[in-house]
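What follows is a short report on a single structure.
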Amino acid sequence: MNSFWDRIGISASILCVIHCLFTPLLVVFLPLVGATLARGWFHAAIIAVVVPVAMFALWNGYRLHHYRPIVWLAGFGFLAIGLAVVFGAEHNAIETGFMVAGGLLLSAAHYLNIRATRNCKH
């Protein structure tokens, strides 16, 4: 059951990365779609999915395996997303960089969580 939530977390984090990397292209080539995806509400919606799913999945996995590097990866991922929110309003490139980093870090944490949960002897 826990790997289901990790897989949802990986998917949401990767969706965030894809969004951050391709929105600038959409802004150039498809102004209407790009402008819609670049709006603040879309970032808020992604964060509203990514953060609770990650917290739920990673916490449930950690309770089984107690592998701290996963917590550190997730913590840095959450920090990067938080920095994107704080500094992204004025600097789009900074927001993109932090959101991509956060999405990749959370994806890595979910992946390791799946592996650690599978290998757990408890």
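Residue numbers start at 1 and run along the sequence shown. Scope of the values below: all heavy atoms of this structure, side chains included, with no hydrogens, waters or symmetry mates.
- Cluster membership check: Val100 shares its hydrophobic cluster with Phe22, using side-chain heavy-atom separations under 4.5 Å among Ile, Leu, Val, Met, Phe, Trp and Tyr.
- Here the closest non-hydrogen pair linking Val49 and Ala12 is CG1-CB, 4.1 Å.
- What you find for Ala109 and Ala74 is that their closest heavy atoms are CB-N, 3.9 Å.
- A chain of hydrophobic side-chain contacts below 4.5 Å, direct or via other Ile, Leu, Val, Met, Phe, Trp or Tyr residues, connects Ile18 to Ile10.
- Put simply, the side chain of Asn60 gets close to the backbone of Phe56: a donor and an acceptor are under 3.5 Å apart.
- When each of Ile47, Leu21, Leu104 is paired with Met99, the side chain to side chain contact (heavy atoms under 4.5 Å, CB included) condition holds for Ile47 and for no other.
- Side-chain atoms of Asn113 come within 3.5 Å of backbone atoms of Ala57 as a donor-acceptor pair (strictly under, hydrogens ignored).
- Heavy-atom minimum distance, Tyr62 versus Val71: CD1-CG2, 3.6 Å.
- For the pair Ala54 and Leu106, the tightest heavy-atom approach, listed with the atom from each and the gap, is CB-CD2, 4.3 Å.
- To the nearest 0.5 Å, atom CD1 of residue Ile114 and atom CZ of residue Arg7 are 4.5 Å apart.
- Taking OH from Tyr111 and CG from Asp6, the interatomic distance works out to 12.0 Å, rounded to the nearest 0.5 Å.
- Note that CD of Glu95 is 11.5 Å distant from CG of Leu83, once rounded to the nearest 0.5 Å.
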